[in-house]
Engineer: 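Please see the structure below; I have some questions.
Quick note: residue numbers are just sequence positions, from 1. Both ligands and their constituent atoms are indexed starting at 1 by order of listing.
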Amino acid sequence: MKVEQSRTGLDELADSLRGRIRGDVLVSEPLASHITIGLGGPADLFVRAGCVDDLREVFAFAVERGLPVTPLGSGSNVLVADRGVRGIVVVADGELEDLHIEGERCVAGGGCPLSRAISETVRAGLAGLEVLYGVPGSVGGAVVMNAGTRKGCVADTLESVTLVARNGSVREVPAGELGLSYRHSRLQEKPGEFFVARAVFRLRREDAAAIRERIAAYAGARRASQPLDWRSCGCMFRNPEGDSAGRLIDAAGLKGLTEGGAAVSERHANFIVVSPGAKAADVRRLAEKVRREVQERCGVALEYEVKLLGEWADE
Ligand code: EPU
């Protein structure tokens with residue numbers, strides 16, 4: 001589903017959609033400012049959906065006009081092509097960022113930052129989400145990626161999600177039906193078909209000070225081992241079974257390898273960091289080079305953890 005639109009065509013589409021939803025609709029919005037690595041071209045239409053009805057309307061509109069929809073969280077695990085993304089990019093806003101606590105459950109909108117979900121649950125004396133401390137991202141993105149650390153992942157505490165589908169359905173789905181495994185959920189198999197409007201986490205009571213002590217230890221370890229002062233998409237590749245992509249890339253001698261403005265981090269080899277002026281294509285080319293070298297030198301085929309979005313055809 002590839003749709004080329006003129007600027008006038010896009011303005012017309014945006015006007016029609018504006019009449020149907022509460023949230024903002026922007027035309028040719030540069031995605032670099034919505035992505036942690038700070039690179040990538042524009043979204044034809046960029047929509048801030050403020051509620052479940054907005055999401056349904058956006059999908060209905062997309063079906064009517066034959067446009068692809070690309071849901072975006074906080075852009076921490078994605079690389080957007082320099083040519084940008086055709087169709088509609090949607091982020092959660094307004095009500096979809098709300099969070100409330102009901103007993104031992106945390107109900108968070110898909111657009112709620114994970115960091116806020118962690119801090120508010122810890123303040124309420126609820127443990128479970130702190131294992132995700134330091135993982136950048138939104139609740140929705142974290143669900144889709146089954147985000148995690150060595151201490152645990154979303155699947156450990158997720159009870160259910162509310163999904164809005166391209167066909168207009170709104171369903172509460174138990175976590176057990178999402179096929180959650182290491183950095184994977186079934187939602188990744190059908191990109192653009194679902195949006196995570198809300199997630200419910202089942203937590204357990206614990207003294208907030210004890211949880212905070214664990215967080216302090218995680219934060220220290222992370223700061224020491226990851227290039228947090230640089231722009232990146234987080235870990236570029238999934239860890240192969242029983243090994244670590246970072247260890248393999250390091251063992252292959254690739255730390256410091258560069259392509260244009262992109263470099264394999266000297267601090268943690270599974271991070272590609274960028275300097276001002278870098279292009280998304282530099283990152284992609286460097287990542288491909290890393291894959292080829294690791295395959296040749298270590299005999300392991302690395303798989304992307306980062307999601308590649310947009311038009312990459314000729315790069
Ligand atoms: N290592 C090296 N060289 C490096 C990097 C790592 O030899 O340049 C070695 C380390 O010494 C260690 C092993 O590789 O023995 C594993 O490294 P680390 O403990 O840093 O963990 P990781 O497997 O590389 C995973 C997650 C991170 C998460 C950390 C901490 C993946 C792909 N990565 O990293 O998640 O922050 O554990 O819990 O699952 C992410 O998903 O974006 C991410 C960064």
Engineer: Can you report which non-hydrogen protein atom sits closest to atom 40 (C) of ligand 1, along with the distance?
Structural biologist: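 The protein heavy atom lying closest is Glu305 OE2, 3.3 Å.
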Engineer: I need the nearest protein heavy-atom contact for atom 27 (C) of ligand 1: residue, atom name and distance, please.
Structural biologist: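 Minimum-distance protein heavy atom for atom 27 (C) of ligand 1 reads Cys235 SG, 3.8 Å.
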Engineer: Taking the non-hydrogen atoms of Arg222, is any one of them nearer than 4.0 angstrom to ligand 1?
Structural biologist: yes
Engineer: With a cut-off of under 6.0 Å to the ring centre and 45° to the axis, is Arg284 in cation-pi contact with Trp312?
Structural biologist: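 Cation-pi check for Arg284 and Trp312: passes.
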Engineer: Where on Asp250 is there a heavy atom closer than 4.0 Å to ligand 1, on the side chain, on the backbone, on both, or on neither?
Structural biologist: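 The answer is the side chain.
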Engineer: Tell me whether atom 12 (C) of ligand 1 lies less than 4.0 Å from at least one protein heavy-atom position.
Structural biologist: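 Answer no: nothing from the protein, no heavy atom, is under 4.0 Å.
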Engineer: Report the C-alpha distance between Glu172 and Thr162 in whole Å, list the side-chain angles of each, state the deciding distance to 0.1 Å, and finish with yes or no for side chain to side chain donor-acceptor pair (under 3.5 Å).
Structural biologist: CA-CA 4 Å; Glu172 181 153 358; Thr162 303; 4.6 Å; no
Engineer: Verify the cluster assignment for Leu96 and Leu163: are they in a single hydrophobic cluster under the rule of side-chain heavy atoms below 4.5 Å apart?
Structural biologist: no
Engineer: Is it the side chain (CB and beyond), the backbone, both or neither of Lys151 that lies under 4.0 Å from ligand 1, heavy atoms counted?
Structural biologist: neither
Engineer: Under the side chain to side chain donor-acceptor pair (under 3.5 Å) criterion, do Glu120 and His100 qualify, and how do the steps go?
Structural biologist: CA-CA 9 Å; Glu120 294 206 15; His100 61 274; over 6 Å; no
Engineer: Going through the distances and angles, do Thr8 and Glu12 end up as a side chain to side chain donor-acceptor pair (under 3.5 Å)?
Structural biologist: CA-CA 6 Å; Thr8 329; Glu12 183 276 316; over 6 Å; no
Engineer: Is a side-chain donor or acceptor of Asp24 paired with a backbone partner of Arg48 at a separation under 3.5 angstrom?
Structural biologist: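 Absent.
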Engineer: Donor-acceptor pair, distance only, cut-off 3.5 Å: does the side chain of Asn146 make one with the backbone of Ser181?
Structural biologist: yes
Engineer: Looking only at protein heavy atoms, which one is nearest to atom 8 (O) of ligand 1, and how far off is it?
Structural biologist: Ala269 N, 2.8 Å
Engineer: With the threshold set at under 4.0 angstrom, would you say Tyr218 reaches ligand 1 through any of its heavy atoms?
Structural biologist: no
Engineer: Go through the steps for Asp44 and Val85 under the test side chain to side chain contact (heavy atoms under 4.5 Å, CB included), then give the verdict.
Structural biologist: CA-CA 7 Å; Asp44 283 350; Val85 180; over 6 Å; no
Engineer: Relative to the heavy atoms of Thr149, which atoms of ligand 1 are at a distance of less than 4.0 Å?
Structural biologist: 38 (O)
Engineer: Taking only heavy atoms of Phe271 into account, list the atoms of ligand 1 that are under 4.0 Å away from them.
Structural biologist: 44 (C)
Engineer: Under 4.0 Å, heavy atoms only, figure out whether ligand 1 is touched by the backbone of Ser244, its side chain, both or neither.
Structural biologist: side chain
Engineer: Between the side chain of Arg267 and the main-chain N/O of Arg223, is any donor-acceptor distance below 3.5 Å?
Structural biologist: yes
Engineer: Pick, from Arg247, Arg238, Met236, His268, the option with the minimum heavy-atom distance to atom 1 (N) of ligand 1.
Structural biologist: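 Going through Arg247, Arg238, Met236, His268 one by one, Arg247 has the nearest heavy atom to atom 1 (N) of ligand 1.
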Engineer: Can you tell me the protein heavy atom closest to atom 31 (C) of ligand 1 and the distance?
Structural biologist: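 Heavy-atom neighbour on the protein nearest atom 31 (C) of ligand 1: Tyr182 OH, 3.4 Å.
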Engineer: Less than 4.0 Å between atom 21 (O) of ligand 1 and some protein heavy atom, yes or no?
Structural biologist: yes
Engineer: Using only atom types and a distance under 3.5 Å, with no angle test, would you say the side chain of Ser160 pairs donor to acceptor with the backbone of Ala175?
Structural biologist: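 No.
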Engineer: Just to confirm my output: which protein heavy-atom neighbour is closest to atom 26 (C) of ligand 1, and how far is it?
Structural biologist: Arg183 NH2, 3.6 Å
Engineer: What residue and heavy atom of the protein are closest to atom 28 (C) of ligand 1, and at what distance?
Structural biologist: Gln226 NE2, 3.8 Å
Engineer: Just to be sure I read this right, does ligand 1 sit under 4.0 Å from the backbone of Phe237, its side chain, both, or neither, counting only heavy atoms?
Structural biologist: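 Backbone only.
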Engineer: Run Glu311 and Arg86 through salt bridge (charged side-chain N to carboxylate O under 4.0 Å, His left out) and show every step you take.
Structural biologist: CA-CA 8 Å; Glu311 286 191 310; Arg86 305 289 71 83; 2.7 Å; yes
Engineer: Considering only the protein, which heavy-atom contact is closest to atom 25 (C) of ligand 1, and what is its distance?
Structural biologist: Arg150 NE, 3.9 Å
